Each structure stands twice: as structure tokens, then as C-alpha cells.
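Here, residue 1 is the first one in the sequence, and each next residue gets the next number. These numbers were taken from a predicted model, which means no experiment stands behind them. Both counts, for ligands and for their atoms, begin at 1 and track the order of listing.
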Amino acid sequence: MYSDKVMDHFTNPRNVGEIENASGVGTVGNARCGDIMRIYLDIDDNHVIRDVKFKTFGCGAAIATSSMATELIKGKTIEEALEITNKTVMEALDGLPPVKIHCSLLAEEAIHAALWDYATKNNIVIEGLEKPKNDIHEDER
Ligand code: FES
């Protein structure tokens, strides 16, 4: 049912934890399943994501997608990170079962929320970034 990569990132998730004094923090939940994800970003003056950590209170697919999403944006610029969608994350994981696709949206939305927090704190506008939702289950209808 799950690919080897999903199982690997679920059993051995990368970048779990917190960043103290993070440049941006984003928390997103899905009220329908009750899962919550928080992403911490450390961004340098050149807009490069130096470090990223996450905490996910959620299902295995949410943990695997958070882990893969953090791997994909680490070392990237903000602009590059914005191009990473839940589809990119799913492809990197060799797919998810259809009922678990919504879990990958948590990762994408939490990254956007953390970038939004960074932009707000620094009084800048990140082109192409829309105000994220706190609860993504509204999108599923
Ligand atoms: Fe809620 Fe997977 S079931 S994120």
C-alpha cells in the first residue's frame, strides 16, 4: 500500500525537532482528521533556507510527507521552496494511496505558513505567496 520511500521517511523521519529563534514558524491543521504540523525555518540574509525542522502530530503519511518536504526545501531559496507543491513531495515519495493525498497538503501549507510568518516579521512581500489557512480541510470539499 505504501512505497518503500514512504515507509523509510515514516520510520526514520528527517529534520524532526524545533529551531530556537526561527526565522519563520508555521502551524497548519486539518480539523477533519485532527492532525497538526508545525514547520520551523532558519533563513539567511540571501533568502536561503539554511535549516528546517518539523513536528507533526499526525498519521504516517503526514509524517513521511513532512520529512520529505523538509528535505526538498533545505538549502533552497525562498523562491525555489515556493515551487515545491504537495505533488512534488508525493512524486519524491513514489506516490501515496488516494485516501492519503490530503495528508501531503499539510506539508505544503505548513511551509507556506512558515514563509508567511517570516515575511510578516521582516516586513517583506514574497511574490506568489498567499496567506495560508490554519485549517486545510476547507480545501477538500
Ligand atoms: Fe490527517 Fe493524514 S489522516 S494528515
Side-chain angles (χ1 to χ4, degrees), residues 1-44 46-141:
M1 179 176 172
Y2 287 114
S3 73
D4 290 346
K5 281 192 188 160
V6 172
M7 290 310 289
D8 176 33
H9 279 264
F10 168 58
T11 48
N12 180 25
R14 322 315 193 249
N15 308 309
V16 174
E18 289 177 31
I19 296 175
E20 247 182 82
N21 302 318
S23 317
V25 182
T27 307
V28 175
N30 182 329
R32 192 167 292 169
C33 63
D35 291 352
I36 297 170
M37 180 182 305
R38 179 168 293 161
I39 294 246
Y40 301 81
L41 297 175
D42 176 20
I43 300 172
D44 73 12
N46 297 318
H47 284 186
V48 173
I49 299 170
R50 256 190 311 223
D51 198 10
V52 48
K53 297 270 188 232
F54 80 91
K55 278 189 166 174
T56 294
F57 181 83
C59 74
I63 290 167
T65 49
S66 320
S67 169
M68 182 54 92
T70 56
E71 285 285 272
L72 290 173
I73 64 167
K74 206 189 226 180
K76 301 274 167 47
T77 62
I78 289 176
E79 290 72 25
E80 289 166 338
L82 266 183
E83 284 168 18
I84 290 173
T85 63
N86 75 310
K87 282 207 181 77
T88 326
V89 176
M90 280 195 297
E91 276 166 21
L93 286 168
D94 294 337
L96 280 175
V99 292
K100 288 287 171 184
I101 289 173
H102 76 274
C103 314
S104 65
L105 283 169
L106 269 185
E108 180 186 324
E109 217 38 39
I111 290 169
H112 290 178
L115 287 172
W116 185 267
D117 182 45
Y118 169 75
T120 310
K121 280 181 182 152
N122 290 278
N123 234 339
I124 58 169
V125 174
I126 299 175
E127 212 168 309
L129 179 64
E130 287 172 23
K131 193 172 191 314
K133 302 179 182 72
N134 295 326
D135 175 6
I136 58 161
H137 96 281
E138 298 152 17
D139 284 346
E140 289 170 26
R141 282 178 207 145

Discussion item. More than 12 heavy atoms of other residues, nucleotides or ligands under 6.0 Å from NZ of K87: yes or no?
Written reply: no
Worksheet item: Are any of the side-chain heavy atoms of H112 and E130 separated by less than 4.5 Å?
Response: no
What side-chain donor-acceptor pairs closer than 3.5 Å can you find for residues 34-44, not counting sequence neighbours?
| from | atom 1 | to | atom 2 | distance (Å) |
| --- | --- | --- | --- | --- |
| D35 | OD2 | C59 | N | 3.1 |
| R38 | NE | T27 | OG1 | 2.8 |
| D42 | OD1 | R50 | NH2 | 3.1 |
| D42 | OD2 | R50 | NE | 3.3 |
| D44 | OD1 | N46 | N | 2.9 |
| D44 | OD1 | H47 | N | 3.3 |
| D44 | OD1 | V48 | N | 3.0 |

Worksheet item: Which residue pairs satisfy the salt bridge (charged side-chain N to carboxylate O under 4.0 Å, His left out) criterion with at least one member in residues 92-101, sequence neighbours excluded?
Response: K5-D94
Worksheet item: For I124 and Y118, what are the C-alpha separation, side-chain angles and deciding distance, and is it a side chain to side chain contact (heavy atoms under 4.5 Å, CB included)?
Response: CA-CA 8 Å; I124 58 169; Y118 169 75; 3.7 Å; yes
Worksheet entry | Listed partners of N12 passing side-chain contact (heavy atoms from CB on, under 4.5 Å), at least two apart | D8, R14
Worksheet item: Hey, which protein N/O/S atoms does atom 1 (Fe) of ligand 1 have under 2.8 Å?
Response: C33 SG, D35 OD2
Worksheet item: Measuring from the heavy atoms of K100, does anything fall under 4.0 Å of ligand 1?
Response: yes
